[in-house]
**Q** 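Next up is a structure, given as structure tokens.
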Amino acid sequence: MVMDIRLTRIDDRLIHGQVATVWSKATGIERILVVSDEVANDELRKFLLKQAAPPGIKSNVVTKRKLIEVYQDQLFDGMKIMLLFASPQDVVDVVEAGVDLQIINIGGMRFSEGKKMITNFISVDGKDIQSFLRLAEAGIELEIRQVPTDRKTDLIQLIKKEKMLQ
């Protein structure tokens with residue numbers, strides 16, 4: 001048995017009000033794992049993210065390597081977990097290392113130089129699109145929803161509609 005991953009979300013804000021309250025209630029999780037090499041090495045950001053977790057829910061910030069190590073750990077057997085990633089590239093790395101994900105929720109990817117907005121809260125560049133395509137090819141559903149009550153939008157269909165595939 002492995003950890004019970006209730007939600008895998010890409011959101012560059014990581015833990016924030018919406019995620020902390022709405023998604024944790026809707027998924028019935030016990031623990032939030034923020035998976036980011038960058039944040040794991042930043043004591044202040046780690047501290048702030050732990051403070052942002054909702055009452056009664058533990059949060060940890062781990063490196064990609066650590067997630068891969070603990071994924072099969074009996075300590076996490078059946079534990080209801082939310083995985084939070086800042087980028088699709090990080091998700092590709094853990095999936096290719098054997099972490100089994102079925103659905104990835106894309107919550108927020110902010111606009112920056114070289115990115116194109118595909119919704120009012122998701123902006124992607126070529127590297128992001130390549131990562132999403134690799135995840136889709138691995139049979140993972142990629143859905144866009146800000147909150148659980150939103151209608152699901154298929155990310156790959158949206159990218160195709162925006163004519164962003166080379």
Side-chain angles (χ1 to χ4, degrees), residues 5-24 26-27 29 32-54 59-68 81-97 99 101-166:
I5 299 170
R6 295 290 179 96
L7 177 70
T8 302
R9 181 174 168 95
I10 298 171
D11 191 326
D12 56 22
R13 297 163 298 179
L14 300 169
I15 301 175
H16 57 93
Q18 196 172 325
V19 168
T21 53
V22 181
W23 281 107
S24 57
T27 54
I29 57 157
I32 297 172
L33 293 180
V34 173
V35 185
S36 167
D37 293 357
E38 185 189 327
V39 180
N41 293 306
D42 182 332
E43 291 306 316
L44 177 62
R45 283 183 73 192
K46 268 182 14 187
F47 172 78
L48 292 173
L49 283 170
K50 284 188 171 175
Q51 301 307 308
S59 73
N60 300 86
V61 179
V62 298
T63 61
K64 292 180 287 187
R65 177 178 285 133
K66 188 68 178 170
L67 174 67
I68 293 158
I81 295 199
M82 177 192 301
L83 297 179
L84 279 176
F85 292 87
S87 77
Q89 292 79 18
D90 286 350
V91 181
V92 168
D93 292 344
V94 302
V95 165
E96 290 181 347
V99 175
L101 302 173
Q102 306 299 312
I103 298 175
I104 297 166
N105 169 270
I106 297 91
M109 295 173 62
R110 76 178 58 101
F111 180 80
S112 61
E113 192 71 36
K115 292 200 175 209
K116 180 177 184 221
M117 290 186 79
I118 56 172
T119 73
N120 59 359
F121 52 90
I122 297 172
S123 298
V124 295
D125 59 19
K127 210 167 83 172
D128 296 327
I129 291 171
Q130 290 312 308
S131 296
F132 284 130
L133 289 174
R134 283 169 76 176
L135 293 168
E137 284 161 13
I140 298 169
E141 182 186 329
L142 302 168
E143 56 141 53
I144 299 171
R145 282 193 297 167
Q146 285 276 75
V147 292
T149 52
D150 287 352
R151 197 171 53 83
K152 289 183 188 184
T153 303
D154 183 297
L155 177 74
I156 299 299
Q157 294 307 320
L158 186 61
I159 289 171
K160 285 179 180 167
K161 199 174 92 188
E162 294 287 324
K163 298 183 177 35
M164 294 181 73
L165 295 180
Q166 283 70 23

**Q** Would you say that more than 12 heavy atoms from the other residues, nucleotides or ligands in this model lie under 6.0 Å from the NZ of K115, or not?
**A** yes

**Q** Under the side chain to side chain contact (heavy atoms under 4.5 Å, CB included) rule, what do D128 and Q89 come out as? Steps first, then yes or no, please.
**A** CA-CA 7 Å; D128 296 327; Q89 292 79 18; 3.0 Å; yes

**Q** Heavy atoms only: give me the nearest Q146-R9 pair and the separation to one decimal.
**A**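 Looking at all heavy atoms of both residues, the shortest contact is O-NH1, 3.4 Å.
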
**Q** Return the CG to CD1 distance between L158 and I144, rounded to the nearest 0.5 Å.
**A**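 If I round to the nearest 0.5 Å, the distance is 5.0 Å.
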
**Q** How close do S24 and T21 get, heavy atom to heavy atom, and via which atoms?
**A** OG-O, 3.2 Å

**Q** How long is the gap from CG on L67 to CD1 on I5, to the nearest 0.5 Å?
**A**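 Here the interatomic distance stands at 7.0 Å.
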
**Q** Below 4.0 angstrom, N of the basic side chain to O of the carboxylate: do D125 and K127 qualify?
**A**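 A salt bridge is absent here (no side-chain N lies under 4.0 Å from a carboxylate O).
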
**Q** Is there a side chain to side chain contact (heavy atoms under 4.5 Å, CB included) between L83 and L101 once you walk through the steps?
**A** CA-CA 10 Å; L83 297 179; L101 302 173; 4.0 Å; yes

**Q** Work out which heavy atom in A97 is nearest to a heavy atom in I68; give both atom names and the distance.
**A**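 That would be CB-CD1, 3.4 Å.
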
**Q** Below 4.5 Å, heavy atoms only, C-beta onward: do M109 and D11 meet side chain to side chain?
**A** no

**Q** Return the minimal non-hydrogen interatomic distance between V61 and S36, and the atom names on each side.
**A**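 Smallest heavy-atom distance, with atoms named: CG1-O, 4.4 Å.
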
**Q** For F47, does the CZ atom sit with more than 12 other heavy atoms under 6.0 Å from it, leaving out its own atoms?
**A** no

**Q** Can you tell whether the side chains of E137 and R134 come within less than 4.0 Å, N to carboxylate O?
**A**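 The answer is no: the pair does not qualify as a salt bridge.
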
**Q** Might you work through the side chain to side chain contact (heavy atoms under 4.5 Å, CB included) test for L155 and I118, ending with a clear yes or no?
**A** CA-CA 9 Å; L155 177 74; I118 56 172; 3.6 Å; yes

**Q** Please round to the nearest 0.5 Å and tell me the distance separating atom CD1 of I29 and atom CZ of R6.
**A** 9.5 Å

**Q** Would you say the side chain of I32 lies within less than 4.5 Å of the side chain of P54, judging by non-hydrogen atoms?
**A** yes

**Q** To the nearest 0.5 Å, what is the distance between CG (L49) and NE2 (H16)?
**A**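 One finds 10.5 Å between CG of L49 and NE2 of H16.
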
**Q** Taking all heavy atoms of S131 and all of V92, pick out the closest pair and write down the distance.
**A**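 For S131 and V92, the tightest heavy-atom pair comes out as O-CG2, 3.5 Å.
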
**Q** What do you reckon, is CD of E38 surrounded by more than 12 foreign heavy atoms closer than 6.0 Å?
**A** no

**Q** Looking at CG of L33 and OG1 of T8, how far apart are the two atoms once the value is rounded to the nearest 0.5 Å?
**A** 10.0 Å

**Q** I106 and F132: which non-hydrogen atoms are nearest, and at how many Å?
**A**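 Minimum heavy-atom contact is CG1-CE2, 3.8 Å.
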
**Q** In Å and rounded to the nearest 0.5 Å, what is the CD1 to CH2 distance from I15 to W23?
**A** 15.5 Å

